[in-house]
Amino acid sequence: MKNTILSIRNLHKVYKGQEHEVVALNKVSFDLNEGEILAIMGTSGSGKSTLLNIIGALDEPNQGEIVLQNKKQKDIFTEPEATLYRSQNIGFIFQAYHLLKDLTVEENIALPLILKGTKRDEISNKVDNMLRIVGLKEWRNHRPFQLSGGQQQRVAIGRALITSPPIVLADEPTGNLDFNTSTDILKVLKDMKDQFNQSIIIVTHDPYVATFADRVMFFHDGHIVDELICQQDEKDMDRILSKFRKIMEYSK
Ligand SMILES: Nc1ncnc2c1ncn2[C@@H]1O[C@H](COP(=O)(O)OP(=O)(O)OP(=O)(O)O)[C@@H](O)[C@H]1O
Ligand SMILES: [Mg+2]
């Protein structure tokens with residue numbers, strides 16, 4: 001029996017422009033299981049980033065509910081609750097790594113713990129462990145500009161996961177990386193998930209990235225229009241591609 005960690009209920013988001021409105025999310029509902037990797041694919045502008053931003057309390061919906069670990073999340077879209085909610089529950093990984101350029105690798109990874117007021121010894125142990133997992137022990141004193149894109153993304157993953165958040169939100173995490181580096185990043189994410197049982201939502205345009213997921217949801221025009229449970233065999237790629245092609249037809 002799988003446990004639901006996150007329930008999204010009727011999430012609705014309208015952006016009001018000067019000329020017209022855009023319905024970015026149209027009453028979206030779904031459940032995310034504990035330890036599940038969920039990939040979200042879809043047409044450009046279909047609301048994928050908006051969804052992640054709302055789950056991460058970076059953006060506010062017009063309607064709908066977020067239920068996390070059976071608790072309805074109220075007031076998470078205003079400060080200081082938003083920051084607290086994020087620091088306790090959410091790890092973000094973006095396409096652009098958003099590292100702090102003046103901090104070293106280990107300082108970047110340690111940052112969420114420092115902000116939480118974690119004790120020095122505990123920070124040191126956790127950061128050592130994380131540097132080992134993301135394979136950056138020898139790079140700990142380097143600064144972001146001295147690293148490759150894949151290494152920078154590994155720092156970002158280390159920083160996102162150092163507080164062991166139950167939910168990890170990744171928006172095109174391999175968007176800037178080549179095939180081998182993407183594979184490497186996805187394996188790191190999967191290894192960590194196996195170790196800490198996190199639930200991960202990955203937005204991607206790349207069917208190969210989606211093969212790392214347990215389930216793929218397809219978005220178009222603010223709706224979930226299709227879904228696929230991965231069988232974890234070599235035919236997943238074809239299954240994903242076939243559904244993805246259908247979705248892409250919608251936007252023509
Ligand atoms: N801050 C904003 N103000 C106004 N409109 C917005 C804003 N953010 C997103 N939108 C609109 O909402 C819709 C959904 O955008 P969103 O960024 O969620 O799409 P997406 O699925 O992530 O697309 P992509 O694959 O191109 O990243 C789009 O039509 C977009 O133009
Ligand atoms: Mg997007």
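All heavy atoms count here, side chains included; hydrogens, waters and symmetry mates do not. One-based numbering, in listed order, for ligands and for the atoms of each.
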Worksheet item: Should H205 be listed as contacting ligand 1, given a heavy-atom distance under 4.0 Å as the test?
Response: yes
Worksheet item: So do N108 and Y97 actually touch side chain to side chain, heavy atoms under 4.5 Å?
Response: no
Practice prompt. Answer yes or no: is there a side-chain heavy-atom contact under 4.5 Å between L169 and V203?
Written response: no
Worksheet item: Nearest heavy atom to atom 15 (O) of ligand 1: which of I54, D221, T50, D59 does it belong to?
Response: T50
Worksheet entry | Identity and distance of the protein heavy atom lying nearest atom 26 (O) of ligand 1 | S44 OG, 2.6 Å
Worksheet item: Would one find an N, O or S atom of S44, in either backbone or side chain, under 2.8 Å from the Mg ion (ligand 2)?
Response: no
Worksheet item: So is G42 close enough to ligand 1, meaning a heavy atom under 4.0 angstrom away?
Response: no
Worksheet item: Which protein non-hydrogen atom lies closest to atom 25 (O) of ligand 1, naming both residue and atom, and how far is it?
Response: K48 NZ, 2.7 Å
Item to complete: Check each of R9, K72, K74 against E65 using the side chain to side chain donor-acceptor pair (under 3.5 Å) test, and report the only one that passes.
Response: K72
Worksheet item: In terms of atom number and element, which parts of ligand 1 are under 4.0 angstrom from non-hydrogen atoms of A24?
Response: 12 (O), 13 (C), 14 (C)
Worksheet item: Do the side-chain N and O atoms of D75 and T78 include a donor-acceptor pair separated by under 3.5 angstrom?
Response: no
Response to the item:
Nearest non-hydrogen contact to atom 22 (O) of ligand 1 from the set S49, G47, G17 belongs to S49
Item to complete: Considering only protein heavy atoms, determine whether one is less than 4.0 Å from atom 30 (C) of ligand 1.
Response: no
Worksheet item: Which residue supplies the protein heavy atom nearest to atom 6 (C) of ligand 1, what is that atom called, and how far is it?
Response: Y15 CD1, 3.2 Å
Worksheet item: Any side-chain donor-acceptor pair under 3.5 Å between S49 and D171?
Response: yes
Worksheet item: Taking C-beta and beyond as the side chain, do L147 and W139 meet within less than 4.5 Å on heavy atoms?
Response: yes
Item to complete: Have a look at Q69 and tell me which of N3, I5, T4 forms a side chain to side chain contact (heavy atoms under 4.5 Å, CB included) with it.
Response: I5
Worksheet item: With respect to E122, which candidate in R120, K126, K119 satisfies the salt bridge (Lys or Arg N to Asp or Glu O under 4.0 Å) definition?
Response: K126
Discussion item. Polar contacts were defined as any N/O atom of the residue lying under 3.5 Å from an N/O atom of the ligand; does this apply to V22 and ligand 1?
Written reply: no
Worksheet, complete the sentence: re atom 14 (C) of ligand 1, the protein heavy-atom contact at minimum distance is G45 O, 3.4 Å
